[in-house]
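Chain naming here is simple, since letters A, B, ... match the order of the sequence lines and numbering starts at 1 in each.
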2 protein chains.
Amino acid sequence: MIKTTTTNKTIKVSEVTSVGTANEPFELPDGVLRGLSIDNLIFGLDGSELKVLLIKRGEGIKTGEWALPGGWINNNENLRDAASRLLSDLTGVEHPYLSQLKTFGKVSRFPAERVVTIAYYALVSADDYALTAGFSASEAGWFDIHHLPSLVFDHHEILDYGIKHLQQEIRHHPVGFKLLPEKFTLLQLQELYEAILDKKLDKPNFRRKIMKMKLLSDCNEKQQSVAHRAANLYRFDKKVYQRLTQQGFTFEV
Amino acid sequence: MIKTTTTNKTIKVSEVTSVGTANEPFELPDGVLRGLSIDNLIFGLDGSELKVLLIKRGEGIKTGEWALPGGWINNNENLRDAASRLLSDLTGVEHPYLSQLKTFGKVSRFPAERVVTIAYYALVSADDYALTAGFSASEAGWFDIHHLPSLVFDHHEILDYGIKHLQQEIRHHPVGFKLLPEKFTLLQLQELYEAILDKKLDKPNFRRKIMKMKLLSDCNEKQQSVAHRAANLYRFDKKVYQRLTQQGFTFEV
DNA sequence: TCAAAAGTGTTTGTTATACACCCATGT
DNA sequence: ACATGGGTGTATAACAAACACTTTTGA
């Protein structure tokens with residue numbers, strides 16, 4: 001479902017890895033803020049595995065080590081725009097659900113000098129990802145959150161925080177739908193929740209719970225080319241959700 | 001319940017208001033990070049009114065205007081420590097529940113040069129506040145969130161975001177307890193939720209719901225000097241909450 | 001006809017809701 | 001005595017959990 005593709009595009013991660021000498025400011029590209037960076041957590045769903053997008057650092061310190069895709073903020077650029085640009089450069093995803101996660105600023109989290117980083121996170125669907133060919137397979141890849149390589153700096157801490165945040169949020173807000181294609185089956189939805197909450201759910205009960213919320217609209221379409229009875233396809237009805245939310249409804253799985 | 005007190009201590013807000021000339025960096029105190037600040041949202045409960053702590057700027061630009069209490073981060077200081085220090089300097093509250101809210105960084109949010117600010121928020125109880133005498137009544141005050149003065153920079157945006165965040169969070173996390181004194185009655189708790197959720201709750205059912213969570217420990221004390229049967233006092237048991245949370249328990253009112 | 005997943009029904013225990021009721025205390 | 005809030009009991013309805021079951025489809 002999620003695959004890495006090979007192109008001739010190069011990720012510019014060199015900015016993040018440049019290191020100055022001991023007593024002078026380390027080298028930065030022109031026109032960016034000093035001491036402040038952005039790191040993105042990009043989650044995707046591959047079948048029933050929750051995956052995160054990592055890049056392999058190409059030059060400078062920590063070469064060859066895995067890291068969250070991030071970079072510097074331009075002087076005249078708003079934070080979310082910077083996160084969005086960096087995400088787009090790395091994955092080709094142009095309009096994701098992208099929200100600020102948390103700012104990490106331990107004094108010595110970055111070796112060369114003090115850098116505070118603002119973490120953003122995005123949930124992308126296989127659909128969105130199919131549009132993209134923004135990075136080389138040798139430099140980036142999707143990793144099962146249960147089988148991660150070791151990461152640079154405090155990126156493990158950021159990722160752990162992001163996963164916990166996602167697990168919390170997915171129980172109380174219908175963000176899970178972002179990880180699925182526009183049209184999906186109830187089993188796909190269930191598997192998504194099982195992957196993120198990391199537990200098995202009862203099929204009949206899950207179906208009833210979801211359908212009772214009336215948040216799904218029937219596409220009146222069936223799955224194609226499956227070696228079993230074709231399931232009905234549904235889409236998430238954002239308008240109904242907004243209406244119910246205003247009436248005090250709270251989503252919960 | 002919440003009162004401002006007068007002392008001879010001066011709030012040093014001058015750092016935030018120093019402005020350089022057009023073509024050179026504006027003046028900062030020594031040993032602080034450039035381009036990054038902290039602003040605190042401090043909420044308190046006065047009867048059934050939610051209040052926020054604001055300071056009146058004393059010098060520099062925007063003199064006499066109301067603002068969130070904030071300041072600069074020391075070079076060797078972690079973010080939360082800086083927020084905590086600033087809060088303590090301004091209010092005397094030493095160990096509040098203080099958590100990161102969001103980072104605000106619009107390009108032109110601060111007039112002199114680009115400054116990104118990390119907003120923290122805290123909920124303080126009348127008890128905590130009674131311990132403090134950290135600011136002068138002419139320079140700081142509690143404001144009903146429905147009757148706010150106009151605020152400098154993007155502080156209205158930060159405050160609006162914080163209030164919305166609080167209203168959301170209070171439904172799914174037991175943060176409401178932070179607004180009450182350490183020992184409280186079930187009716188106080190119920191009235192807190194009735195005020196914030198803006199609806200009447202059934203007394204017996206509310207009691208059962210709360211007690212079933214086992215989050216309150218009995219103080220084995222009664223109210224004093226009340227013109228009716230004295231109610232039992234309870235305190236919130238943080239350890240039990242943390243244990244239950246790890247087991248997948250979710251608080252909901 | 002079999003595997004795989006779709007989809008339904010039913011039983012049982014738990015929880016929410018509404019509301020009636022008694023208890024303790026100061027004036 | 002009575003007003004005020006503290007605190008309990010209970011019938012009913014709604015819901016969740018567990019699991020057995022039937023249906024549809026492609027290979």
Side-chain angles (χ1 to χ4, degrees), chain A residues 1 45-49 126 170-172 180-181 183-195 197-235 244 247-253, chain B residues 1 47-48 171-172 174 180-181 183-195 197-235 244 247-253:
Chain A
M1 198 177 272
L45 194 70
D46 183 1
S48 59
E49 278 181 355
I170 208 155
R171 297 190 58 174
H172 300 298
L180 294 175
K183 300 173 184 177
F184 52 85
T185 69
L186 291 175
L187 186 62
Q188 281 179 286
L189 186 63
Q190 183 178 342
E191 284 173 342
L192 172 125
Y193 276 96
E194 288 178 341
L197 300 179
D198 205 17
K199 65 177 177 185
K200 288 290 293 176
L201 301 170
D202 181 86
K203 184 173 62 162
N205 296 335
F206 181 82
R207 296 174 69 88
R208 264 189 292 264
K209 195 168 199 170
I210 295 294
M211 294 315 281
K212 189 171 60 67
M213 295 178 188
K214 314 250 188 208
L215 291 176
L216 300 188
S217 70
D218 192 333
C219 300
N220 296 309
E221 279 179 63
K222 302 279 181 189
Q223 276 180 313
Q224 299 294 318
S225 326
V226 283
H228 53 77
R229 177 174 174 179
N232 210 340
L233 292 170
Y234 296 92
R235 59 163 61 84
L244 289 174
Q247 292 168 12
F249 163 83
T250 50
F251 180 86
E252 187 164 2
V253 173
Chain B
M1 196 178 274
S48 59
R171 300 187 62 170
H172 298 299
L180 293 174
K183 300 172 184 178
F184 51 86
T185 69
L186 290 175
L187 186 62
Q188 279 180 285
L189 186 63
Q190 183 177 343
E191 284 172 344
L192 166 74
Y193 276 97
E194 286 179 345
L197 300 178
D198 199 25
K199 63 176 177 185
K200 289 292 292 175
L201 302 170
D202 181 85
K203 184 174 59 162
N205 296 335
F206 180 82
R207 297 175 69 86
R208 264 190 292 263
K209 195 168 197 170
I210 295 293
M211 296 312 281
K212 188 173 61 66
M213 295 180 190
K214 314 253 189 205
L215 291 176
L216 301 188
S217 70
D218 192 334
C219 299
N220 296 309
E221 280 179 63
K222 303 279 182 191
Q223 277 180 312
Q224 299 295 318
S225 327
V226 283
H228 52 75
R229 175 175 175 180
N232 209 341
L233 293 171
Y234 296 91
R235 60 163 61 83
L244 290 175
Q247 292 167 10
F249 163 84
T250 50
F251 180 86
E252 186 163 2
V253 173

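Interface limits on DNA chain D: the 5'-most and 3'-most nucleotides within less than 4.0 Å of chain B heavy atoms are D/dT4 to D/dT10. Taking every nucleotide of DNA chain C with any atom under 4.0 Å from a non-hydrogen atom of chain A, the first and last of them, 5' to 3', are C/dA4 to C/dT10.
To the nearest 0.5 Å, atom CD1 of residue B/I210 and atom CG of residue B/L186 are 8.0 Å apart.
The side chain to side chain donor-acceptor pair (under 3.5 Å) check on A/E221 picks up A/K183, with sequence neighbours excluded. Here B/F206 pairs with nothing under the ring pair (Phe, Tyr, Trp, His ring centres under 6.0 Å) rule; sequence neighbours left out. The ring pair (Phe, Tyr, Trp, His ring centres under 6.0 Å) search around B/Y234 returns none, not counting sequence neighbours. Here A/E49 pairs with A/K51 under the salt bridge (charged side-chain N to carboxylate O under 4.0 Å, His left out) rule; sequence neighbours left out. Evaluation of the side chain to side chain contact (heavy atoms under 4.5 Å, CB included) rule for A/E252 yields A/R171, A/H172, B/T250, B/E252 as partners, not counting sequence neighbours. Partners of B/Q190 according to the side chain to side chain donor-acceptor pair (under 3.5 Å) rule, which considers only residues two or more places apart in sequence or in another chain, are B/E194.
Of the residues in residues 212-228 of chain B, those placing a heavy atom less than 4.0 Å from an atom of DNA chain C are B/K212, B/V226, B/A227, B/H228, in numerical order.
Heavy-atom distances to DNA chain D give each of B/P204 and A/R208 a nearest nucleotide, and the one nearer the 5′ end belongs to B/P204. Nearest-nucleotide positions on DNA chain C for A/D202 and A/A231 put A/A231 closer to the 5' end.
For the pair A/F251 and A/L215, the tightest heavy-atom approach, listed with the atom from each and the gap, is CD1-CD1, 3.6 Å.
Contacts of B/L186 with the nucleic acid, taken as non-hydrogen atoms under 4.0 Å apart, are absent.
Listed by first and then second residue, the side chain to side chain donor-acceptor pair (under 3.5 Å) pairs that reach into residues 202-213 of chain B are B/D202-B/N205, B/N205-B/R208, sequence neighbours excluded.
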Exercise answer: donor-acceptor pairs, residues 224-232 of chain A side-chain atoms, under 3.5 Å, sequence neighbours excluded:
residue	atom	partner	partner atom	Å
A/Q224	NE2	A/K222	O	3.4
A/N232	ND2	A/D218	OD2	3.3

